[in-house]
Amino acid sequence: MLEEMPFPGSLRGKSHPDKMLIDHLRGVERTIGEIARWHEFDLDPNEVALIALSHDIAKEHPQFQKHLCNPRVRYSHAGPSSFFTLQQSENLFLTELVRNHHGQFQNIDAVRNYWFSRDIEDMGEAMEAVLPGYKLSETKFHTFLDRLLQTGWNEEDWYRARLLASMLTTADRMDAMNLEPFRYEKPERKLTYAQITSTLPPSDISRWRKQLAQAVLDKVNKMENGGMYTLSLPTGAGKTLLGIEAALRMHPKTIVYCLPFISIVDQVSEIAQNLFPKVQQDHHLIEGENAFIQAYRYWNEPFIVTTFAHFWEILYSPRMNDTMNFHRLKDAFVILDEVQSIPSDYWTGFGKTLQFLSKKMNTTFLLMTATQPEIIEGIELSRPVAALSRSPAPNRYVVTRVGRAPLETLPSLVPESGSGLVILNTRQSALSAYRMIAQEERDRKLFFLSRWVTPADRSQRLNRVKQSLSEGCECLLVSTQVVEAGIDLDFQWVIRDMAPLDSIVQAAGRCNRNRSASLGKVYVPEFITEKEHPFTSYVYDSRHLSATRKTLPESFSEKESAPLIRQYYQELRQAVSQTGAWYDITIGNWGNRYSLIRKRIPEALVLIESDGHVHDLFEQIRTLSKDYKSLDTRKRLWNRLQRHAIDVSNELMQNWIRETNSFLVDETCPAVEELEEGIYIVRSQGVGEIYNEETGFAVPPSSKEEAEFE
């Protein structure tokens, strides 16, 4: 394609300090070809060649060549490069991809405004400054504008544009970092499902799980690639392994396992690493602080464990960098675990997106949860289980609604015996509950968990809780919602502050999980503040709480939970208007952003110097070269470091700095310090006051009131 352009021998400049421009353009074309061949995309080779070979043409400009030697000299090359794309093709999609390949997609109206405000003489001068004697044809430009005025974009156009953007962005980054195209591999297991499950001890509950699994796997054998499936099983039924086994039996090119929380990503990654030789975690803490490395979050392994937030960005974010892994969904098996955590007003549009991609990319989607919302019209894999008379579903607990009560009454609700779990809606209410119970509890071990406890301490604490439970030693765990999903714990009773019904059922799944007691007890009070405001109202959407209050009876058993959940979702459907990115995609508004995380309070990464090595580890990362050569080492070290890190608002950390500015370690180092923008460290001397080993991060005294509902 390059040879067909009028300037094959005209490129003499560099694209990067160590690379000739013409070599970069050809390298990008070659890499896109390798990606397309592995994923078996049927693309127009002329279109692929054009975007690859024209996307950086304007780097030939003398001003950009000066920029390579002196970064203070600025020159934006993407816009002028797109003029060359337009001249060669008059193709709106290709021209826009090149123009925005370092930026983001724009709404169709913004695209029209940009091009109709261009002056052809100015565009010609810009092109001549890059390659003398080369101008834009006036006829071609006016034809282009006529098409732009008449055109409308839909989901088919979005798919084509996003796919090409994904491949161009990936190839551009790979070639810039001098990477050879990856040798992709399909997932290969180390252990069979039978080998894994054969180690489970015999019991009524394990026999139930085994028969349930067999019924599910019989239906899995009838699955088809590119299908839409749901797996709706009670908590403790073994969904994680069943989902992975279903994926393996479909022989996909890639398995992508998506979860709502980073804490569960770590847990599922551990399971996957026992099953597969190559597993890749992908979430923001893995990438660390380097912007260049963050821009290259590519899925190069056959088994990926990531968050809903990142998967959402791959589908919907207008930023070009976020499209990189979109093409990796081709012939993939995507597991969406605990899918009820997707905001309810996005459900319909999200389901339509998955349905569309399953047909376009032959992607198989499996949505798993104990409380399945109506996101897709998929084939349910667990329905035959209801017919298994030999192995009736267990009735492990009864949920009882308590009513409104001040938080101070909590100790009176705590049963005098048995191991129990208390779940509160805010960190501060959980901490208050922990302290109240600690004053009265003498015989049972007491533990505390929240996201203000480091992952290392959380993991260690959960192991201690599991050990106590397995040894028959009674214990109590006070926690925020961090234990609601994906945590394998089994208590005799649970107290759960009022929450949406699906969260209540998830919490109940930690009660009598292995049917070790005759019947577990779950209590649902609605704790209120001193001003008689429910704590739940500070955390959850009022529409979800209203639907719950209409649906939640005074008492119900586990067997009655499924119809209650269906009734709850029906109430929610009536109350919630559907919105989201899909509806904009279908009308060409691709520049709008719909974040999965609605409220974004600026948060900092806080390192806790608990073992004497955290600061040294951070300094080791800082000394690494900030290029791709150190990427694997950087990721490995950041993975270790984030085990000792929590997210806390910048404001709270700045308040601690002010309150401890005279509190020094070894008379030289402050107890808390901002190492660089957005990254703090609490040194060993601050552990105890700023970070408590039992209860995690402590709110500074001056911030108690404003942080009451954190």
Side-chain angles (χ1 to χ4, degrees), residues 1-13 15 21-22 24-26 28-29 32 43-64 75-154 156-158 160-165 167-168 172 320 588 590-591:
M1 186 73 182
L2 186 64
E3 285 70 20
E4 297 174 7
M5 297 180 184
F7 44 84
S10 302
L11 302 179
R12 297 288 183 268
S15 61
L21 174 56
I22 195 167
H24 173 59
L25 300 181
R26 285 175 169 154
V28 170
E29 181 187 22
I32 292 179
L43 302 176
D44 184 332
N46 289 325
E47 290 188 351
V48 169
L50 179 58
I51 59 171
L53 299 171
S54 67
H55 78 284
D56 276 352
I57 281 286
K59 286 186 174 182
E60 182 75 10
H61 195 287
Q63 197 77 350
F64 185 85
Y75 175 75
S76 179
H77 67 279
S81 292
S82 71
F83 303 160
F84 290 87
T85 317
L86 191 161
Q87 170 67 18
Q88 286 299 121
S89 69
E90 304 173 43
N91 186 303
L92 176 59
F93 288 125
L94 306 187
T95 301
E96 277 294 289
L97 284 179
V98 170
R99 182 171 78 88
N100 295 310
H101 76 275
H102 285 300
Q104 66 175 54
F105 286 107
Q106 295 183 346
N107 294 345
I108 184 68
D109 287 343
V111 173
R112 290 180 178 130
N113 289 338
Y114 175 84
W115 287 108
F116 276 96
S117 65
R118 296 305 95 190
D119 181 85
I120 192 168
E121 294 297 328
D122 292 341
M123 295 168 68
E125 289 177 9
M127 294 172 74
E128 279 206 288
V130 174
L131 293 174
Y134 197 80
K135 286 188 176 183
L136 178 62
S137 162
E138 186 172 350
T139 301
K140 286 189 174 183
F141 183 54
H142 287 299
T143 300
F144 175 84
L145 293 180
D146 288 341
R147 290 176 181 172
L148 178 57
L149 191 61
Q150 298 170 18
T151 192
W153 288 349
N154 59 28
E156 293 286 344
D157 300 318
W158 167 82
R160 178 185 169 206
R162 199 164 189 86
L163 179 60
L164 290 173
M167 299 172 76
L168 174 62
D172 192 22
M320 291 292 174
W590 305 343

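What you see below is based on every heavy atom in this structure, not just the backbone, and it leaves out hydrogens, waters and symmetry mates.
- If you take CG on Leu149 and CG on Leu145, they are separated by 8.5 Å, rounding to the nearest 0.5 Å.
- The CD1 atom of Ile57 lies 6.5 Å from the CZ atom of Phe84; values are rounded to the nearest 0.5 Å.
- Taking all atoms of both residues into account, the shortest heavy-atom contact from Leu92 to Trp153 is CD2-CZ2, 3.5 Å.
- Shortest non-hydrogen contact noted between Ala52 and Val28 is CB-CG1, 3.9 Å.
- Here the CG-OG1 distance, from Leu148 to Thr143, works out to 12.5 Å after rounding to the nearest 0.5 Å.
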Q.
If you apply the rule side chain to side chain contact (heavy atoms under 4.5 Å, CB included), what do you find for Lys140 with Gln88, and how did you get there?
A. CA-CA 9 Å; Lys140 286 189 174 183; Gln88 286 299 121; 5.8 Å; no

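- For Glu128, the CD atom counts as densely surrounded, since its 6.0 Å shell holds more than 12 non-hydrogen atoms of other residues, nucleotides or ligands.
- When every heavy atom of Ser81 is checked against every heavy atom of Ala58, the shortest pair comes out as OG-N, 2.9 Å.
- Between the OG atom in Ser82 and the CG atom in Leu94 there is a gap of 11.5 Å [rounded to 0.5 Å].
- Residues Phe105 and Trp158 keep their aromatic ring centres 6.0 Å or farther apart.
- Residues Gln63 and His61 approach most closely at N-ND1, 2.9 Å, considering heavy atoms.
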Q. Please walk me through it: do Met167 and Val48 pass side chain to side chain contact (heavy atoms under 4.5 Å, CB included)?
A. CA-CA 9 Å; Met167 299 172 76; Val48 169; 6.0 Å; no

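- Nearest heavy atom pair, residue Asn107 against residue Gly591, reads OD1-N, 2.7 Å.
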Q: Apply side chain to side chain contact (heavy atoms under 4.5 Å, CB included) to Leu50 and Thr85, showing your working.
A: CA-CA 7 Å; Leu50 179 58; Thr85 317; 4.0 Å; yes

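- Atoms CZ and NE2, on Phe64 and His77 in that order, are 6.0 Å from each other to the nearest 0.5 Å.
- Atom CZ of Arg160 and atom CD of Glu156 lie 11.0 Å apart (nearest 0.5 Å).
- In summary, the aromatic rings of His55 and His102 are positioned with their centroids too far apart to meet the 6.0 Å limit.
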Q: Show your reasoning for whether side chain to side chain contact (heavy atoms under 4.5 Å, CB included) applies to Thr151 and Asp157.
A: CA-CA 11 Å; Thr151 192; Asp157 300 318; 5.8 Å; no

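- Screening residues 111-120 for side-chain hydrogen bond (donor to acceptor under 3.5 Å, both in side chains) gives Glu96-Trp115, Asp109-Arg112 as the qualifying pairs, with residues at least two apart or on separate chains.
- Residue Lys135 qualifies as open at atom NZ: its count of foreign heavy atoms under 6.0 Å is 12 or below.
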